[in-house]
Amino acid sequence: MAGVFERVKKIIVDQLGVEEDEVTLEASFIDDLGADSLDIVELIMAFEEEFELEIPDEDAEKIRTVGDAVNYIQDRI
Amino acid sequence: MSGRIEGIEILGTGYYVPEKILTNKELESRLDTTDEWIVTRTGIRERRIASQDETTLSMAYHAAEKAMQSAKIKPGEIGLIIVATATPDMIFPATAAQLQEKIGAINAGAFDLSIGCTGFIYALVTGALYTKVLYPQKVLVVGAEKLSAIVDWQDRSTAVLFGDGAGAVILGVNPQKAGILAFELGADGSGADLLKLPAGGSKLPASIETVEKRLHFIKMNGSEVFKFAVKKIEESVNGLLKKANLQPDDIDLYLFHQANRRIIVNSLERLSLGIEKTFINIELYGNTSAASIPIALAEAIHAGKLKKGDKLLLNGFGAGLAWGGLIMEY
């Protein structure tokens with residue numbers, strides 16, 4: 001559990017330049033972490049590379065919070 | 001496909017952009033958007049928009065005239081004209097044929113080449129191959145677009161991206177030059193729906209319905225195209241370097257299709273290259289599709305970013321989906 005969250009958190013901190021303690025499971029990428037639509041595309045790409053999976057566009061649209069990303073990835077690795 | 005083409009040279013370059021500037025501020029009054037939104041997502045601050053009288057042909061003409069002056073050649077020395085465009089004046093006749101008459105290239109064959117934003121790379125490789133067999137004649141390669149004619153000015157996700165303009169190069173033989181050290185041209189039609197102009201071709205000819213459904217305008221899935229571009233640039237650049245047996249630092253200038261500043265910045269990061277290794281002018285012109293690389297090339301030379309003997313890497317990507325790149329000695 002912690003493994004995926006920690007790896008996801010590191011990517012988010014690197015990509016969005018936010019503080020680690022801001023990256024909670026409840027945090028929304030857009031509303032809480034200040035991401036824009038292209039930041040999300042870049043994050044999805046980074047998740048795909050880190051976890052070696054393909055996240056299609058229709059799935060990516062449903063990933064709104066850090067928790068959504070962690071759950072999605074955990075279900076598929 | 002890939003290969004190399006030795007002993008050819010870019011003899012001259014030129015470009016033309018319309019006088020009318022459309023700023024992000026002006027777009028704010030037409031669309032639900034802001035200057036800040038556009039700049040942070042695309043890097044674009046303004047774009048040029050052709051007047052009613054200006055067409056892809058007229059812009060191609062001005063760019064071609066400048067390229068001929070820069071190469072110090074006369075129109076009669078040109079053996080072939082290739083115009084890369086997604087926005088020809090008409091579906092037929094070819095814009096290149098009309099350009100032949102307009103510049104007075106009485107000895108030239110002419111054709112258009114259509115593969116979207118990658119058009120100029122495909123045209124440059126094609127032109128370089130013809131250059132080898134046409135000697136002493138020269139080849140004129142143009143990228144020209146009037147994208148404002150096919151932009152949906154009600155769609156804020158695409159209207160802010162595109163602009164008009166033209167760029168041209170003259171190619172000739174020079175046995176002293178390394179020429180094109182490596183090129184790669186690729187396509188993947190499975191992504192055809194991601195970026196397209198749905199109607200106006202033979203599949204969906206113009207009708208009241210196509211007009212009402214706004215199908216004569218550019219449709220793009222921005223996030224999928226962004227992902228494709230970033231992945232493909234990294235793969236293509238690394239492939240070209242390997243084929244040419246060069247290290248990333250051996251290239252003096254990397255010039256990318258100017259579609260989105262963030263595509264370029266993200267790609268540079270993936271390739272571990274500094275921003276000083278490239279030339280970006282998207283803030284002034286937006287995405288001019290097949291015209292973006294020759295315009296940037298002409299400006300980079302003018303700005304002293306590229307000198308004779310330097311190694312140049314060009315890379316384009318876009319509708320098709322298609323991509324292409326080359327490494328050459330300037």
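In what follows, chains carry the letters A, B, and so on, assigned in the order in which the sequence lines appear, proteins first and then strands, with residues in each chain numbered from 1.
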All inter-chain donor-acceptor pairs under 3.5 Å (chain A, chain B):
residue	atom	partner	partner atom	Å
A:D36	OD1	B:R262	NH2	3.3
A:D36	OD2	B:R262	NH1	3.0
A:D39	OD1	B:R262	NH2	3.0
A:E42	OE1	B:R262	NH2	3.3
A:E42	OE2	B:N266	ND2	2.9
A:E48	OE1	B:K231	NZ	3.3
A:E48	OE2	B:K227	NZ	3.2
A:E49	OE2	B:R270	NH1	2.9
A:E49	OE2	B:R270	NH2	3.0
A:I55	O	B:K227	NZ	3.3
A:D57	OD1	B:S223	OG	3.3
A:D57	OD2	B:N221	ND2	3.3

Requested in this report: Not counting sequence neighbours, which residues clear side-chain contact (heavy atoms from CB on, under 4.5 Å) with A:V66? List them please.
Outcome: A:F5, A:V8, A:I12, A:V23, A:A27, A:F29, A:L33, A:V70

Requested in this report: With sequence neighbours excluded, give me every side-chain hydrogen bond (donor to acceptor under 3.5 Å, both in side chains) pair touching residues 18-27 of chain A.
Outcome: none

Report task. Check each atom of A:I40 against the heavy atoms of chain B and say whether the ones under 4.5 Å are side chain, backbone, both or neither. Result -> neither

